[in-house]
Chemist: 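Mind looking over this structure? Questions follow.
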Protein chains: 2
Amino acid sequence: MADGGTVEHAPPQCDAALTHAFELLGKRWSGVILGALMERPAGFAALRRATGGISDSVLSERLGELGAAGLVVREVDEGPPVAVRYRLAPPGEALVPVLRDLGDWARDHLHAAP
Amino acid sequence: MADGGTVEHAPPQCDAALTHAFELLGKRWSGVILGALMERPAGFAALRRATGGISDSVLSERLGELGAAGLVVREVDEGPPVAVRYRLAPPGEALVPVLRDLGDWARDHLHAAP
DNA sequence: AGTAGTTGCTTGGAAAATACTAGCAACTAC
DNA sequence: GTAGTTGCTAGTATTTTCCAAGCAACTACT
């Protein structure tokens, strides 16, 4: 090989961009929230139901982070009554094919624990 | 629409398979470990260096979970000295294109926080 | 021989993240 | 008026993760 077969490899590294992706998706519930919004926009309570186990404070925090990262937008209808909808922004939409592939992969390769 | 426009939609749900995927990848460091192993097999210490901030106990736990899920195999060379290598199993290999796409997506759509 | 470093982990306590639960304002429905 | 819902915030409890020490078995050096 190029290194003459004598040089120790540097340790492997996760690609910086992938690491960055997992800084977001590696947090509890982030991916599941995006997965729910992939289906259609939803309000806070609907997202709470969609996740099934998240606390309100963490849901609020995750939505804030996803918003700050540009993946999700928050749309407010002043009503009455006030109605808020969270929707995937274009960068979030761009992630949808990857999430679909991840779901397909999981269907084929992840099996329920015994 | 098919529902006559009068029926409330059920709340959106994340696909069950995708939820299952995030039960694994939504844990701190799991994705980054897989990303490092995508490059090449590695020992425990090399994975510790690859992640840059993980504790030994969590690394051990994550490798155990990834092994139990069938994504990673642990190969031991009794030596001396003992040498252990962690390597992607076929289901982990099958995830590589998805991880590559995720990295590509992050490169294009996730920008450093201000 | 003895010391130092590395690998591949385990362990217990501290810190951070998350869950739990109550609460609030503003609304609708009865 | 009462009860329920939405869309959150806030304080406390619990769980997860980090930190640091430790261990056995090895290699390398003095």
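Throughout, protein chains are lettered first and strands after them, A, B, ... in sequence-line order, and every chain is numbered starting at 1.
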Chemist: Got a sec, which residues hit salt bridge (Lys or Arg N to Asp or Glu O under 4.0 Å) with B/Arg107, two or more places apart in sequence or on another chain?
Modeler: A/Asp15, B/Asp104
Chemist: For B/Arg28 and D/dT15, what is the distance between atoms CZ and C1' respectively, to the nearest whole Å?
Modeler: 15 Å
Chemist: Would you kindly give the CD1-to-C1' distance between A/Ile54 and C/dT21, to the nearest whole Å?
Modeler: 16 Å
Chemist: What nucleotide, of D/dT17, D/dC26, C/dT28, holds the atom closest to the side chain of B/Pro80?
Modeler: D/dC26
Chemist: Just to verify, what does B/Arg100 make a side-chain hydrogen bond (donor to acceptor under 3.5 Å, both in side chains) with, not counting sequence neighbours?
Modeler: none
Chemist: Mind listing the side-chain donor-acceptor pairs of residues 62-73 of chain A below 3.5 Å, one per line with the distance, residues two or more places apart or on another chain?
Modeler:
{"unit_1": "A/Arg62", "atom_1": "NE", "unit_2": "A/Arg28", "atom_2": "O", "d": "2.7"}
{"unit_1": "A/Arg62", "atom_1": "NH1", "unit_2": "A/Glu65", "atom_2": "OE1", "d": "3.4"}
{"unit_1": "A/Glu65", "atom_1": "OE2", "unit_2": "A/Lys27", "atom_2": "NZ", "d": "2.8"}

Chemist: Between A/Ser60 and A/Asp56 (side chain of the first, backbone of the second, donor and acceptor by atom type, cut-off under 3.5 Å), is there such a pair?
Modeler: no
Chemist: Give each protein N/O atom lying under 3.5 Å from an N/O atom of nucleotides 12-15 of chain C, with the pair distance.
Modeler:
none

Chemist: May I have the distance from B/Leu59 (atom CG) to D/dT17 (atom C1'), rounded to whole angstrom?
Modeler: 13 Å
Chemist: Which sits closer to the 5' end of DNA chain C, A/Pro81 or A/Ser55, going by the nucleotide each is nearest to?
Modeler: A/Ser55
Chemist: Give the dot-bracket line for DNA chain C from 5' end to 3' end: parentheses for intra-strand Watson-Crick or G-U pairs under 3.5 Å, square brackets for crossings, | for inter-strand pairing, dots for unpaired.
Modeler: ||||||||||||||||||||||||||||||
Chemist: Using a cut-off of under 3.5 Å, enumerate the N/O to N/O pairs linking the protein to nucleotides 7-9 of chain C.
Modeler:
{"unit_1": "C/dG8", "atom_1": "OP1", "unit_2": "B/Val84", "atom_2": "N", "d": "3.0"}
{"unit_1": "C/dG8", "atom_1": "OP1", "unit_2": "B/Val84", "atom_2": "O", "d": "3.2"}
{"unit_1": "C/dG8", "atom_1": "OP2", "unit_2": "B/Phe44", "atom_2": "N", "d": "3.1"}
{"unit_1": "C/dG8", "atom_1": "OP2", "unit_2": "B/Ala45", "atom_2": "N", "d": "3.3"}
{"unit_1": "C/dC9", "atom_1": "OP1", "unit_2": "B/Arg74", "atom_2": "NH2", "d": "2.7"}
{"unit_1": "C/dC9", "atom_1": "OP2", "unit_2": "B/Tyr86", "atom_2": "OH", "d": "2.6"}
{"unit_1": "C/dC9", "atom_1": "N4", "unit_2": "B/Asp56", "atom_2": "OD2", "d": "2.6"}

Chemist: Can you tell me the distance, in whole Å, between the CD atom of A/Glu61 and the C1' atom of D/dA10?
Modeler: 13 Å
Chemist: Among residues at least two apart in sequence or on other chains, which ones pass side-chain contact (heavy atoms from CB on, under 4.5 Å) with B/Pro41?
Modeler: B/Arg85, B/Arg87
Chemist: Once side-chain contact (heavy atoms from CB on, under 4.5 Å) is applied, do any residues pair with B/Pro81, and if so which ones, sequence neighbours excluded?
Modeler: none
Chemist: Salt bridge (Lys or Arg N to Asp or Glu O under 4.0 Å) with A/Asp101: which residues, sequence neighbours excluded?
Modeler: none
Chemist: Can you tell me how far C1' of D/dA24 sits from CD of B/Glu78, to the nearest Å?
Modeler: 14 Å
Chemist: For A/Trp29 and C/dC20, what is the distance between atoms CH2 and C1' respectively, to the nearest whole Å?
Modeler: 14 Å
Chemist: Holding to side-chain contact (heavy atoms from CB on, under 4.5 Å), I want the full list of residues that pass it with B/Ala94, two or more places apart in sequence or in another chain.
Modeler: A/Trp105, A/His109
Chemist: Between D/dT17 atom P and B/Lys27 atom NZ, what is the distance in whole Å?
Modeler: 6 Å
Chemist: Using whole Å, what does the distance between atom P of nucleotide C/dT18 and atom CG of A/Leu63 come to?
Modeler: 14 Å
Chemist: My understanding is that only residues two or more places apart in sequence, or in another chain, count here; which of them pass side-chain contact (heavy atoms from CB on, under 4.5 Å) with B/Ser55?
Modeler: B/Ser57, B/Val58
Chemist: Identify, with sequence neighbours excluded, every residue that meets side-chain hydrogen bond (donor to acceptor under 3.5 Å, both in side chains) alongside B/Asp108.
Modeler: none
Chemist: Quick one: does A/Phe22's side chain get under 4.5 Å of B/Leu99's, heavy atoms only?
Modeler: yes
Chemist: Which is true for B/Gly53 with a 4.0 Å heavy-atom rule: it touches a base, it touches only sugar-phosphate, or it touches nothing?
Modeler: sugar-phosphate
